[in-house]
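See structure below.
Here the structure is a predicted model, which means the values were calculated and not measured.
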Amino acid sequence: MNKDSTRYANAALALRIGLGLVFVIGGLSKLSLLLSSSKQAAMVANYMGTTGYINELFQDYLFSNGVLTPWFFLTSLSTFELVSGIALIAGFMVRPLALFYGLLLWTFVFSLPVDTVPGASVGVKTYTSPAMFVQIRDITLSGMMFVLFNLGAGARSLDQRRGQGVGGANAAPNWDVLGLLLRFSLGVTFIIGGFFGAYAKIPSFATYQIILALIGLVLIFGQGASLKAAAGAVVLVMAWYMLQKLNLDKGVIANLNSVKREFALAAAGLVLMRLGGGDLFTLSDCVRRTKETLGIQTSLSAVGHQSKP
């Protein structure tokens, strides 16, 4: 394995662990409540309620036949979440799981109950920010999953031992494209937190919004040293946020569950620090493309003028 292959393999390992922790922690947290006779009813009610994650349309679609119950659905889903998280960390069936989760994570955006009509007054408490903004971290996780799908399982994985590690047919991944996807996916979370963090349920990571906005803008348009500095700032913000969320009155799983997505975001920051974010659609690339486009248009105009009698 050459140097570049090793770097990509280690990047896949970092993403695998960060993403896997999200699902291991989430699965354990949910199952600890769903399998408790004294807590399962409240857990189900929380997910089915107006501040849960399953809106009325999805509830009618899933449970109206009387066969599938909310408790069984949530318990099965949480079990799969735990098992698949362990599989990601171990590096087993990484590509199928990454593709599945990359698509599934978007369903949270569509199923979240929200009320965003200006001036509307409803009789129940619900989300009042756009679902896409509330679930922006899951959108980031989706982008990370698609990056992982293209990288493969990477280093120290069961898939690698089965000959399904990094890339396909010995081809190196196109990091310009994958770096673009990773930095955009991560950048949008910071952009939303920076510009809309004052609204309900939009993550601001216990950090000044101007700082989040600057990090997001550099992640999306920066390259080289500036991009890597922004990626390092992501890791620091995640560490700071985790410390702020620590509550000694809660158990270990409850504490970890409150910051589970942040493990993945920190992993993405580490990968960008190591590999950079490529050169596609950075600020300098956008300027170059604009100049080329204007140059072509100017040339065409000149030809048009010359052709006139």
Side-chain angles (χ1 to χ4, degrees), residues 18-19 22-23 25-26 29 46-59 81 101-122 124-147 180-222 230-231 233-238 240-242 244-245 257-269 272 277 281:
L19 290 165
V22 175
F23 298 104
I25 294 168
S29 176
N46 182 53
Y47 266 78
M48 299 299 113
T50 56
T51 56
Y53 285 87
I54 306 178
N55 63 34
E56 185 177 0
L57 184 150
F58 275 74
Q59 289 185 37
E81 188 176 354
Y101 272 123
L103 298 171
L104 179 68
L105 284 160
W106 275 90
T107 66
F108 301 155
V109 177
F110 304 126
S111 63
L112 189 72
V114 294
D115 171 37
T116 58
V117 179
S121 178
V122 294
V124 292
K125 181 180 179 183
T126 186
Y127 290 96
T128 57
S129 297
M132 187 172 288
F133 288 3
V134 176
Q135 297 297 126
I136 192 63
R137 288 173 298 176
D138 288 325
I139 294 173
T140 290
L141 296 186
S142 175
M144 292 175 62
M145 284 293 185
F146 288 124
V147 173
L180 171 67
L181 175 57
L182 187 58
R183 72 174 203 265
F184 263 61
S185 298
L186 188 58
V188 292
T189 285
F190 283 80
I191 290 290
I192 296 301
F195 289 99
F196 302 98
Y199 292 90
K201 301 295 183 178
I202 297 176
S204 59
F205 307 111
T207 302
Y208 290 118
Q209 287 181 238
I210 185 64
I211 295 176
L212 297 180
L214 288 173
I215 292 173
L217 289 170
V218 176
L219 284 172
I220 290 176
F221 295 109
V234 169
V235 178
L236 292 176
V237 169
M238 294 303 105
W240 165 252
Y241 181 63
M242 289 179 185
Q244 295 298 305
K245 293 289 287 185
N257 190 57
S258 66
V259 293
K260 61 185 179 184
R261 294 178 181 86
E262 283 65 38
F263 284 106
L265 302 186
L272 289 174
F281 294 101

| note | Heavy-atom closest pair (Lys260 atom, Val22 atom, distance to 0.1 Å) is O-CG2, 3.2 Å
| message | How long is the straight-line distance from CZ of Phe195 back to CD1 of Ile210, given to the nearest 0.5 Å? | response | 7.0 Å
| query | Passes side chain to side chain donor-acceptor pair (under 3.5 Å), Thr140 versus Ser185? Steps please. | reply | CA-CA 5 Å; Thr140 290; Ser185 298; 5.9 Å; no
| Between CE on residue Met144 and CG on residue Asp138, distance to nearest 0.5 Å | 11.5 Å
| query | Can any side-chain N or O of Gln59 pair as donor or acceptor with the backbone N or O of Ile54 at less than 3.5 Å? | reply | yes
| query | Looking at OH of Tyr199 and CD1 of Ile202, how far apart are the two atoms once the value is rounded to the nearest 0.5 Å? | reply | 8.0 Å
| message | Under the rule for ring pair (Phe, Tyr, Trp, His ring centres under 6.0 Å), what residues qualify as partners of Phe196, not counting sequence neighbours? | response | Phe133
| message | Taking the ring centre of each residue, are Phe221 and Phe281 less than 6.0 Å apart? | response | no
| note | In short, Gly143 meets Leu181 closest at the heavy-atom pair O-CD2, 3.7 Å
| query | Got Phe263 and Ile25 here, is their nearest side-chain heavy-atom distance under 4.5 Å? | reply | yes
| note | Sorted by chain and residue number, the ring pair (Phe, Tyr, Trp, His ring centres under 6.0 Å) partners of Phe146 (sequence neighbours excluded) come out as none
| Interatomic spacing from CH2 in Trp240 to CD1 in Ile211 - rounded to 0.5 Å | 10.5 Å
| field | Test item: Ser29 side-chain N/O and Asn257 main-chain N/O as donor-acceptor pair under 3.5 Å | value | no
| field | Validation row: Phe190, Leu217 side chains within 4.5 angstrom (heavy atoms) | value | no
| field | Inter-residue atom distance Gln135.CD - Ile192.CD1, 0.5 Å rounding | value | 12.5 Å
| request: Look at Glu262 together with Arg137 and state whether they make a salt bridge at an N to O cut-off of under 4.0 Å. | output: yes
Residues 102-118 side chain polar contacts: donor-acceptor under 3.5 Å, at least two apart:
| unit_1 | atom_1 | unit_2 | atom_2 | d |
| --- | --- | --- | --- | --- |
| Trp106 | NE1 | Ser142 | OG | 3.2 |
| Thr107 | OG1 | Leu104 | O | 2.6 |
| Ser111 | OG | Tyr53 | O | 3.0 |
| Ser111 | OG | Thr107 | O | 3.0 |

| query | Do Leu219 and Leu272 come within less than 4.5 Å of each other through their side chains, counting heavy atoms only? | reply | yes
| Nearest-0.5 Å distance that lies between atom CG in Leu214 and atom CD in Gln209 | 12.0 Å
| Should we say atom CE of Met132 is surrounded by more than 12 heavy atoms from elsewhere, each under 6.0 Å from it? | no
